[in-house]
Protein chains: 2
Amino acid sequence: MSQEQSQRMQSMCESAKAHVDDLLVLLSKSKMLSTLYVMNCDPDPMRFSEIKKRVDSSSTTVARRLGELEDHGLVTRTAYATVPATVEYALTKDAIALQPSLESMFEWVLNRADSSL
Amino acid sequence: MSQEQSQRMQSMCESAKAHVDDLLVLLSKSKMLSTLYVMNCDPDPMRFSEIKKRVDSSSTTVARRLGELEDHGLVTRTAYATVPATVEYALTKDAIALQPSLESMFEWVLNRADSSL
DNA sequence: TTCTTTTGTAACAAGGTTGTAACCTGTCTC
DNA sequence: GAGACAGGTTACAACCTTGTTACAAAAGAA
């Protein structure tokens with residue numbers, strides 16, 4: 001392999017690594033796993049207040065997490081011109097593909113929490 | 001149900017919730033998912049320096065993460081009186097049970113990272 | 001007119017987390 | 001004696017993140 005090729009390859013790997021890290025940082029943010037989990041539990045779009053209630057965090061944090069998920073193409077935000085405002089969040093196809101992993105991870109968490117009581 | 005029973009039940013649920021939250025906070029710490037993943041990739045015990053290299057973080061952070069995993073019973077630490085010192089970390093049975101979820105989660109992450117290049 | 005509701009945002013103080021640099025142990029080698 | 005190595009620990013400044021509080025918009029109800 002030429003040095004040039006090797007360099008191109010390395011830069012590609014570094015790019016992939018950066019994307020992986022990016023996603024891991026995203027998933028590691030506080031309440032992020034909870035947010036994805038509560039949204040997975042119900043296949044229908046969910047309103048801001050409902051997510052906030054189930055995740056049990058401040059508006060600021062929930063809004064931040066949902067914004068980050070939207071930025072990453074993992075949720076869609078739909079606002080309806082009702083009064084008062086109605087906003088619905090739904091998982092994208094991509095996020096739904098994560099569902100099985102998330103579910104079995106939460107099962108593990110619940111099992112562990114149970115046995116430590 | 002009596003009020004007393006209801007209170008006991010509620011306190012139990014709150015206790016379970018606290019344990020779940022505890023685990024989610026643990027898993028959400030920086031480099032925690034990476035640490036578990038690199039340890040999962042190799043079934044043999046792994047040395048501190050190897051983990052540090054693969055996780056690509058500072059000694060301080062890696063030591064902190066490994067300490068927290070040990071506190072939660074997810075890894076075991078074995079020190080050998082060689083010169084220089086040798087310390088091996090291994091996942092416990094509990095942590096190994098998390099392997100499938102973690103693996104499919106990383107597959108999802110890698111897929112996403114790929115398609116965003 | 002003022003209150004209520006939902007869904008946020010802005011600013012900021014308080015607290016948490018990170019990496020760096022320095023240091024430590026214990027023994028073998030130069 | 002001086003270095004080197006593995007595997008850390010400690011202290012600390014810099015940075016990041018959180019929740020709280022205040023605010024906003026829009027329109028129907030009291």
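By convention in this document, chain letters (A, B, ...) are assigned in the order of the sequence lines, proteins followed by strands, and residues within each chain are numbered from 1.
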Participant: My understanding is that only residues two or more places apart in sequence, or in another chain, count here; which of them pass side-chain hydrogen bond (donor to acceptor under 3.5 Å, both in side chains) with Ser30(A)?
Facilitator: Arg65(A)

Participant: Below 4.0 angstrom, which residues in residues 21-33 of chain A have at least one non-hydrogen atom near DNA chain D?
Facilitator: Lys29(A), Ser30(A)

Participant: On the nucleotide dG8(D), are OP1 or OP2 found under 4.0 Å from the side-chain N or O atoms that Arg65(B) carries?
Facilitator: no

Participant: Just to be sure I understand the rule, does Ser57(B) reach a base, reach only the sugar-phosphate, or reach nothing, if contact means heavy atoms closer than 4.0 Å?
Facilitator: sugar-phosphate

Participant: Between dA6(D) atom P and Lys53(B) atom NZ, what is the distance in whole Å?
Facilitator: 11 Å

Participant: Sequence neighbours excluded, which residues qualify as side-chain hydrogen bond (donor to acceptor under 3.5 Å, both in side chains) partners of Asp114(A)?
Facilitator: none

Participant: Name all residues meeting the side-chain contact (heavy atoms from CB on, under 4.5 Å) criterion together with Asp21(A); count only those two or more places apart in sequence or in a different chain, and write none if there are none.
Facilitator: Lys17(A)

Participant: Quick one: side-chain contact (heavy atoms from CB on, under 4.5 Å) partners of Ser49(B), sequence neighbours excluded?
Facilitator: Arg47(B)

Participant: For Tyr37(A), check ring-ring contact (aromatic ring centres under 6.0 Å, His included) against everything at least two apart and list the hits.
Facilitator: Phe106(A)

Participant: Scan the side chains in residues 79-89 of chain A for donor-acceptor partners under 3.5 Å anywhere in the protein, sequence neighbours excluded, and list what turns up.
Facilitator:
| residue | atom | partner | partner atom | Å |
| --- | --- | --- | --- | --- |
| Thr82(A) | OG1 | Pro84(A) | O | 2.9 |
| Thr82(A) | OG1 | Thr86(A) | N | 3.2 |
| Thr82(A) | OG1 | Thr86(A) | OG1 | 2.6 |
| Tyr89(A) | OH | Arg77(A) | NE | 3.4 |

Participant: Answer yes if Leu110(B) and Met105(A) sit in the same cluster of Ile, Leu, Val, Met, Phe, Trp and Tyr residues linked by side chain heavy atoms under 4.5 Å apart, and no otherwise.
Facilitator: yes

Participant: Would you tabulate the nitrogen or oxygen pairs shorter than 3.5 Å linking the protein to nucleotides 2-12 of chain C?
Facilitator:
| residue | atom | partner | partner atom | Å |
| --- | --- | --- | --- | --- |
| dT6(C) | O3' | Arg47(A) | NH2 | 2.9 |
| dT6(C) | O3' | Ala85(A) | O | 3.1 |
| dT7(C) | OP1 | Arg47(A) | NE | 2.9 |
| dT7(C) | OP1 | Arg47(A) | NH2 | 3.1 |
| dT7(C) | OP1 | Val87(A) | N | 3.4 |
| dT7(C) | OP2 | Ser49(A) | N | 3.1 |
| dT7(C) | OP2 | Ser49(A) | OG | 2.8 |
| dG8(C) | OP1 | Arg77(A) | NE | 3.1 |
| dG8(C) | OP1 | Arg77(A) | NH2 | 2.7 |
| dG8(C) | OP1 | Tyr89(A) | OH | 3.4 |
| dG8(C) | OP2 | Tyr89(A) | OH | 2.7 |

Participant: According to the Watson-Crick and G-U wobble definition with distances under 3.5 Å, which dot-bracket string, read 5' to 3', encodes DNA chain D, using [ ] for crossing pairs and | for pairs with another strand?
Facilitator: ||||||||||||||||||||||||||||||

Participant: Enumerate the residue pairs fulfilling ring-ring contact (aromatic ring centres under 6.0 Å, His included) with a member in residues 45-76 of chain A, sequence neighbours excluded, ordered by first and then second residue.
Facilitator: none

Participant: From CD of Glu68(A) over to C1' of dC16(D), roughly how many Å is that when rounded to an integer?
Facilitator: 12 Å

Participant: Suppose we screen for side-chain contact (heavy atoms from CB on, under 4.5 Å). Which residues come up paired with Asp94(A), at least two apart in sequence or across chains?
Facilitator: Leu74(A), Thr92(A), Arg112(B)

Participant: Could you work out, with side-chain contact (heavy atoms from CB on, under 4.5 Å) as the rule, every residue matching Ser57(B), not counting sequence neighbours?
Facilitator: Lys31(B), Val55(B), Thr61(B), Val62(B)

